[in-house]
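In what follows, every chain begins at residue 1, and chains take the letters A, B, ... in the order their sequences are listed.
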Amino acid sequence: MSRYNVQANEAHWQQLWAERNSFAAKDDYTLPKYYVLSMFPYPSGRIHMGHVRNYTLSDVVARYKRAQGFNVLCPMGWDAFGLPAENAARDNKVHPAEWTYSNIATMRGELKRMGLAIDWSREFATCDETYYKQQQKLFIDFYRAGLVYRKESWVNWDPVDHTVLANEQVIDGRGWRSGALVEKRQLAQWFFKITACADDLLAALGTLDRWPDKVRLMQENWIGKSAGAKLRFALNGRSDSIEVFTTRPDTLFGASFIAVSANHPLAAELAAKNKALAAFIAECNRTGTSEAILETLEKQGFDTGLTVQHPFVPEQALPVYVANFVLMEYGTGAIFGCPAHDERDHDFATKYNLPIRPVVLADELDHDFAAAPYTGPGTLHNSAFLDGLSVEAAKQAAIAQLEKRKLGHGTIQYRLRDWGVSRQRYWGCPIPMIHCQACGVQPVPEQDLPVALPKDVSFDQPGSPLAHHPTWKQVNCPQCGQAATRETDTCDTFVDSSWYFARFCSPQLADKPVDKAAVDYWLPVDQYVGGVEHAILHLLYARYFTRAMHKTGHVKIDEPFAGLFTQGMICHESYKDENGKWLYPEEVEKQADGCAVHVKTRAPVSVGRVEVMSKSKKNVVPPARIIESYGADTARLFMLSDSPPERDLEWTEAGVGGAWRYINSLWRMVSEPKLPLPPLGTPRPDALGSRAEETRRTIHRTIAAISQDFERFHFNKAVAHARELSNALEPLDNAATGEAWVLREGLEVLAQLIGPMLPHVAEAMWAELGHTTPLCETRWPKAEASLLVNETVTIAVQVNGKLRATIMLPRDLPAKEAETQALQDAAVQRALGDSKPRKVIVVPNKIVNIVA
RNA sequence: GCGGGCAUGGCGGAACUGGUAGACGCACCGGACUUAAAAUCCGGAGCUGGCAACGGCGUGCCGGUUCGAUUCCGGCUGCCCGCACCA
């Protein structure tokens, strides 16, 4: 029995595709195009199973669309800047560039072994000077267009590493690496004005009909639009006022205090003369922003002794507190507290004995305001001109009155904040700006780009290596020529990934970020595939960046990704030894009794939950090993079968075995066919036996089914349909009735249908069947419409809703006749017994239900 | 706390707009081939009663609409995800 030689075959076809340049996207902009993109990988060192799943999914789409005649662009690149390279540099004394490019080389090799239909000629890494030079140009374009600005802002500061931390890098109030208590500090940072697009980013979500609802909803919540009012409270005994934002202007008459953030300018001003307040503010700033802390944190306030005037009741004075629960980053950093109708305000008022004044009453309910606030709908009371109005009407009326008295105005507030892109790191795109004492901030002149990273840097001391570099930042001001300094911050790596998809359209272009004709043709990406973990940040930033590139004349679209698919994660059982240490799957052997032992020591191993593969739990399987022993097709098949791609997938040895067996049986079907196959191109015999006819129906129904499965990303069903077709071809063994011809037709179609999923074995089958042109260059098969409908149909017959028989009837038989036939069935008669049918429901070609 | 999702055999899952629940596979059981094993091939199988023919029960739980509900509606329960002192 000949076995399919996976290694030789896969190498052969991969080489042939490369030689024939089979997957190059054509720069002929008159062809119908299809742009398939996977989220490009970070070159961490090795390909992991998540990559394999991601690229398999996009590869099926790419190959399917290519077979349909589209000019397909499916590129690959590297999201290559980032902190791990600096950590490697510090720990292993290897330069970040060397570490990164060597990882890229390894991973490129691993990816190529997957047999992906990628146009490798377009590959680049974001750390290539040619790429980040163009990014610097974009940065300057954005700066000139007023989309980029620099401002002082509060940041998470790690006092040990001397660096700013992203919110995600603060764990329980401590730096993720140093473990030091994170402080809040004010620092000058570069920002992209994403909030200016907030409303458009929100509204346009409605046009993204090929995005998962979940992702759109997450972005909607992230943008967090809320309508309300901004209003000023005049400070008693001073000439200034405090501005607050509220979504409940209707409850203004229930106000009993004002609270400002610990970082509010007024708090800072007062703290300068008040040590106790300064201590309180320091305490607030020390507390991290982590959820765990916030949940247990008590509301705390510091009475400033100041009071403000109520805007509608001037004689009423409200105390002003500095409070730990008011965020400087949202609204105006100050609120008015209405304890009767807000949970936090109620907590605060209870603690500090402030009045609770109910102003909204529900009609029927008797609410205990001392115990809890009331936040539902109702009618306004004790509120002067608002009395008797509903909450909604009162909001409008209050805003109208504020505007009339020039005390405030209706406004829209977003949760979304401007995108801070400054990072005090080395391995990133340098922000191309120069600080001049005389001229202020100046962009680097275009002819001086790129601002390249210096090679000679040290990672021994904490803080930014660029800032420590002895000479790099010294430069002359492009405006006045005097000595000036470079910006030493680099860009957040999310900037790099915000436009790479556009660069793939013209990756070698030297003088511009993108070629207009190329991006106008290729963009938007027709199908983007990646993990849900990027549902908010990356996808939102890329949407913003595209708008910014539109405004600066680089592209003419706003939405970069027309279709988005978010795949599930790969899971695996986890294992621990007797000492509670995690073990890799390859260190564990499952025994016949179901118990697991260590391969070497034979010590018992406890089998844990099936969890997302992660290095920390060691429940990972390196794809390279699977591909070496079973081949890329097996790995790909496993990824596609069983679990729908949006769901999590459990990696199991048994599942791999099943995939492997199917690959082999596919090869066997063509290499050792049950019947001698007629030569390629033999015309269909005039007379086919009934089994041959029936098999042809299955063949053509499968074409239709798999085509639809591919369109809908139902790859698990596509695999099932392919296997059904394989099973349907098995019984063909009668050469006299045209079955050999049908077998050939079935095998050819099968090879074509599995081609996008299992490209290597499909090519091997295709060649074995006598074809000389590679399968990947042939067109997708068409189903013969006449074979998609049956002349006879199986009708289910129910008695009182219970299935009692199935009968074969001619298609589209009149209801009356179907009814008669159904009633004559023996099983139906038995089920009816003595009772007479009272009513019969006939659904044509489907079901007859007899109600007795 | 707010927002969203999911729940089908031992397991992953299928069932298009309400119409034969369990396709396809994994694991399992039996048989063939083999000195033996592997590989391969054939067959079985939701649970349950029965030698069988045949019957009962079954899509997390309770209820509703319908001739008919995995599918629609209301109410629970359990898991999962996102956001969160957002004013």
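Picking from U20(B), C86(B), C83(B) the nucleotide with the shortest atom distance to the side chain of T794(A) gives U20(B). With A21(B), C57(B), C24(B) as the choices, the nucleotide that has an atom nearest any side-chain atom of K802(A) turns out to be C57(B). Proximity note for F245(A) (side chain, C-beta onward) versus A87(B), U20(B), C26(B): the nearest is A87(B). Comparing G82(B), C86(B), C67(B) by their closest approach to the side chain of M218(A) singles out G82(B). Here the nucleotide nearest the side chain of I847(A), chosen from C24(B), A14(B), U20(B), is U20(B). Checking A27(B), C85(B), G3(B) against the side-chain heavy atoms of N221(A) singles out G3(B) as nearest. When distances run from any side-chain atom of D642(A) to the nucleotides G55(B), G12(B), C86(B), the shortest one goes to G12(B). Nearest to the side-chain atoms of R668(A) among the listed nucleotides U40(B), A21(B), C86(B) stands U40(B). Nearest to the side chain of S643(A), among G55(B), C86(B), G13(B), sits G13(B).
Contact check, K299(A) against C85(B): no side-chain N or O comes under 4.0 Å of OP1 or OP2. For the pair N324(A) and C85(B), the criterion of a side-chain N or O lying under 4.0 Å from OP1 or OP2 is not met. Remark: R661(A) is in phosphate contact with C26(B), judged by side-chain N or O atoms under 4.0 Å from OP1 or OP2. Side-chain nitrogen and oxygen atoms of K717(A) include at least one within less than 4.0 Å of the OP1 or OP2 phosphate oxygen of A15(B). For the OP1/OP2 pair of G25(B) and a distance below 4.0 Å, the side-chain nitrogens and oxygens of N727(A) include at least one atom meeting the criterion. Listed pair R647(A) / G13(B) meets the phosphate criterion, a side-chain N or O lying under 4.0 Å from OP1 or OP2. When the side-chain nitrogen and oxygen atoms of R804(A) are compared with OP1 and OP2 of U20(B), none of them lie within a distance under 4.0 Å. Of the side-chain N and O atoms in R415(A), one or more sit less than 4.0 angstrom from OP1 or OP2 of A84(B).
With respect to F715(A), the side chain to side chain contact (heavy atoms under 4.5 Å, CB included) criterion is satisfied by exactly one of D642(A), D709(A), L57(A): L57(A).
Rounded to a whole Å, the CG atom of D213(A) is 10 Å from the C1' atom of G4(B). Note: NZ (K674(A)) to C1' (C41(B)) measures 9 Å, nearest angstrom. The distance between atom CH2 of W660(A) and atom P of G25(B), rounded to the nearest whole Å, is 19 Å. When the C1' atom of G25(B) is taken as reference, atom NE2 of H714(A) falls 18 Å away, rounded to whole Å. The distance between atom CZ of R723(A) and atom P of A23(B), rounded to the nearest whole Å, is 14 Å. Put simply, NE2 on H721(A) is 12 Å from P on G25(B), counting in whole angstrom units. Atom CZ in R216(A) sits roughly 18 Å away from atom C1' in C81(B) (whole-Å rounding). The distance between atom CG of L537(A) and atom C1' of G82(B), rounded to the nearest whole Å, is 12 Å.
In this structure, V532(A) reaches neither bases nor backbone, as no heavy-atom distance under 4.0 Å exists between it and the strands shown. In this structure, K214(A) reaches neither bases nor backbone, as no heavy-atom distance under 4.0 Å exists between it and the strands shown. Residue-level contact check: S665(A) touches neither bases nor backbone, having no heavy atom under 4.0 Å from any strand. Here E724(A) lies in heavy-atom contact (under 4.0 Å) with sugar-phosphate atoms only. At the heavy-atom level, L327(A) lies under 4.0 Å from base atoms of the strands shown. Residue-level contact check: D345(A) touches neither bases nor backbone, having no heavy atom under 4.0 Å from any strand. Backbone-only engagement by G658(A) is indicated by non-hydrogen atom pairs under 4.0 Å involving sugar-phosphate atoms exclusively.
Ring-plane geometry between W419(A) and Y541(A) is classed as parallel, the angle between the planes falling under 30 degrees on a 0 to 90 degree scale with a further cut at 60.
A cation-pi contact, defined as under 6.0 Å to the ring centre and within 45° of the axis, is absent between R357(A) and F253(A).
Nucleotide G82(B) is shown with an anti base, its glycosidic torsion being more than 90° from 0.
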Show your working on ring pair (Phe, Tyr, Trp, His ring centres under 6.0 Å) between Y352(A) and F257(A) and close with a plain yes or no. CA-CA 10 Å; Y352(A) 293 101; F257(A) 66 95; 8.8 Å; no
As a quick check of understanding, evaluate side-chain contact (heavy atoms from CB on, under 4.5 Å) for F710(A) and M757(A), giving each step before the final call. CA-CA 10 Å; F710(A) 283 173; M757(A) 302 188 282; 3.8 Å; yes
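The backbone N or O of H572(A) lies less than 3.5 Å from a partner atom in the side chain of N619(A), making a donor-acceptor pair.
Here, A15(B) and C24(B) have their C1' atoms 12 Å apart, quoted to the whole Å. A gap of 28 Å separates the C1' atoms of G22(B) and G74(B), to the nearest Å. One P atom belongs to U17(B), the other to C67(B), and the distance between them is 22 Å to the nearest Å.
We find that R216(A) and D213(A) are joined by a salt bridge, their nearest charged nitrogen and carboxylate oxygen being less than 4.0 Å apart.
Heavy atoms only, all atoms of each residue included: L252(A) and H310(A) are closest at O-NE2, 2.7 Å.
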